[in-house]
Amino acid sequence: MPADISIIAPVYNEEANLEAFFTNLNEAIPPSYKWEVWFIDDGSTDSSPEIIRALCQKNKNIKAIFFAKNFGHQIALTAGLDHAKGRAVITMDSDLQHPPESIPAMLTEWAGGAQIVFAVRDNTKELSWFKRTTSSLFYKILKIISHLDLVNGAADFRLLDQKVVAYLIQYRERDRFLRGIISDIGFRQKVIAYSEKPRHAGTSKYSLFKMLRLAVSGIVSFSSFPLRVCSMIGFSIALPSMLYAGAIIYDKLVNGAPTGIASILTGVFFIGGLQLIFIGVLGEYLMTIFKEVKQRPLYCVTETIN
Ligand code: UDP
Ligand code: MG
């Protein structure tokens, strides 16, 4: 008999948060629901695995998956979706920034027929200036260059009906930007607001590099605009250059004008730089294809409990 609700919580070095997280879930979820929580240990190096094991022993509705190494938040969420069989599945962070108190509101929407309930943060005070600005800039750019219309502040706190999950887990792309995929997937979607809390303990596990990777994944998997821009700029430089070259040749032949080294060098460096940037853009897409072609497994599970 599957649970009514499966909670999926990725864990990467969250030793000081796990017990409080479970206690808060216990208090927040209405007792009429049969629920379970899946901790996905994403290669933690602190005592999180031991704490998860102890929690699992005490409570059979706590389930756990341990990864062989750190695969990243999006992949941890994916592993959770692959395993959780609840009639509704809720993904949320295990650092209590996504408040369990918002779960009843999600369940109400679900009971009312919604198949996807996005929780969108309505306060940004808890975020650093840097994260706030880069995040809102990213969503604006993504909206312009792709057909996605993600709400700023919609992170990975959401409820999915099992029907959505069953379809979603057929998406096996490596570089995944789950919030884009899910907003694009259809079904009956609803949005609720929540106030993001400060981290219960510890520090953010999303390094600047990981944030950038996620942003690039989002753009590369939902937009071919960067490629188009490269060829458009290429054309808009190449065409006038040809005209200009004709004019220089004419000047040289007819008027015997001397050729300037400075202007040549400027041109060479400018075009050289531009080409390198464009090769980089191309490389991003190529790398994504390369990862797909290799068909490596998305993650490696070393142990599951309950
Ligand atoms: N996380 C993960 N793997 C990672 C990085 C983060 O499983 O490589 C988990 C982390 O334990 C947390 C959630 O993803 O439950 C969100 O991470 P974090 O709170 O560090 O991000 P932030 O809230 O600062 O954006
Ligand atoms: Mg967090």
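A quick note: this is a predicted structure, and the numbers were derived from the prediction, not measured. Read the numbers this way: they start at 1 and go in the same order the structure lists the ligands and their atoms.
Residue contacts with ligand 1, taken as heavy atom pairs separated by less than 4.0 Å, involve His73 via backbone and side-chain atoms alike. For Asn70, every heavy-atom contact with ligand 1 shorter than 4.0 Å involves the side chain, none the backbone.
A salt bridge links Glu14 with Arg199; the closest basic N to acidic carboxylate O contact falls under 4.0 Å. Remark: Glu292 does not engage Arg176 in a salt bridge, criterion side-chain N to carboxylate O under 4.0 Å. Classification of Asp4 and Arg87 as a salt-bridged pair holds, one side-chain N sitting under 4.0 Å from a carboxylate O.
More than 12 heavy atoms of other residues, nucleotides or ligands sit less than 6.0 Å from atom NZ of Lys85. The number of heavy-atom neighbours closer than 6.0 Å to OH of Tyr171, taken from other residues, nucleotides and ligands shown, is above 12. Under a cut-off of 6.0 angstrom, the local environment of CZ in Phe187 is crowded, with over 12 non-hydrogen atoms contributed by other residues, nucleotides or ligands.
Counting heavy atoms only, Lys205 comes closest to atom 20 (O) of ligand 1 of the residues Gln97, Lys205, Lys210.
Here the two rings, on His98 and Tyr194, have centers that are under 6.0 Å apart.
In this structure, His73 and Tyr206 have perpendicular ring planes: the angle between them is above 60°, well past the 30° mark.
Summary of contacts: the protein heavy atom closest to atom 3 (N) of ligand 1 is Asp42 OD2, 2.6 Å. Atom 1 (N) of ligand 1 has Tyr12 CB, 3.7 Å as its closest protein atom, hydrogens excluded (heavy atom only). Nearest protein heavy-atom neighbour of atom 21 (O) of ligand 1: Tyr206 CD1, 3.4 Å. Atom 11 (O) of ligand 1 has its closest protein heavy atom at Glu14 OE2, 2.6 Å. For atom 25 (O) of ligand 1, the closest non-hydrogen atom on the protein side is Lys131 NZ, 2.8 Å. Atom 18 (P) of ligand 1 has its closest protein heavy atom at Arg199 NH2, 3.6 Å. Summary of contacts: the protein heavy atom closest to atom 24 (O) of ligand 1 is Ser204 OG, 2.6 Å.
Remark: ligand 1 and Asp95 share an N or O pair separated by less than 3.5 Å (distance only, no angle test). Any N or O atom pair closer than 3.5 Å counts here, and Ala76 shares no such pair with ligand 1.
For Gln97, the nearest N, O or S atom to the Mg ion (ligand 2) falls under 2.8 Å.
The atom of Asp95 nearest to the Mg ion (ligand 2) is OD2, with the search restricted to N, O or S atoms.
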Test side-chain contact (heavy atoms from CB on, under 4.5 Å) applied to Cys56 and Phe39, step by step = CA-CA 10 Å; Cys56 285; Phe39 285 118; 5.7 Å; no

key: Pair Asp161-Trp110, side-chain hydrogen bond (donor to acceptor under 3.5 Å, both in side chains): steps then yes or no   = CA-CA 8 Å; Asp161 188 272; Trp110 177 55; 2.8 Å; yes

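The ligand atoms of ligand 1 that sit less than 4.0 angstrom from a heavy atom of Gly72 are 3 (N), 8 (O).
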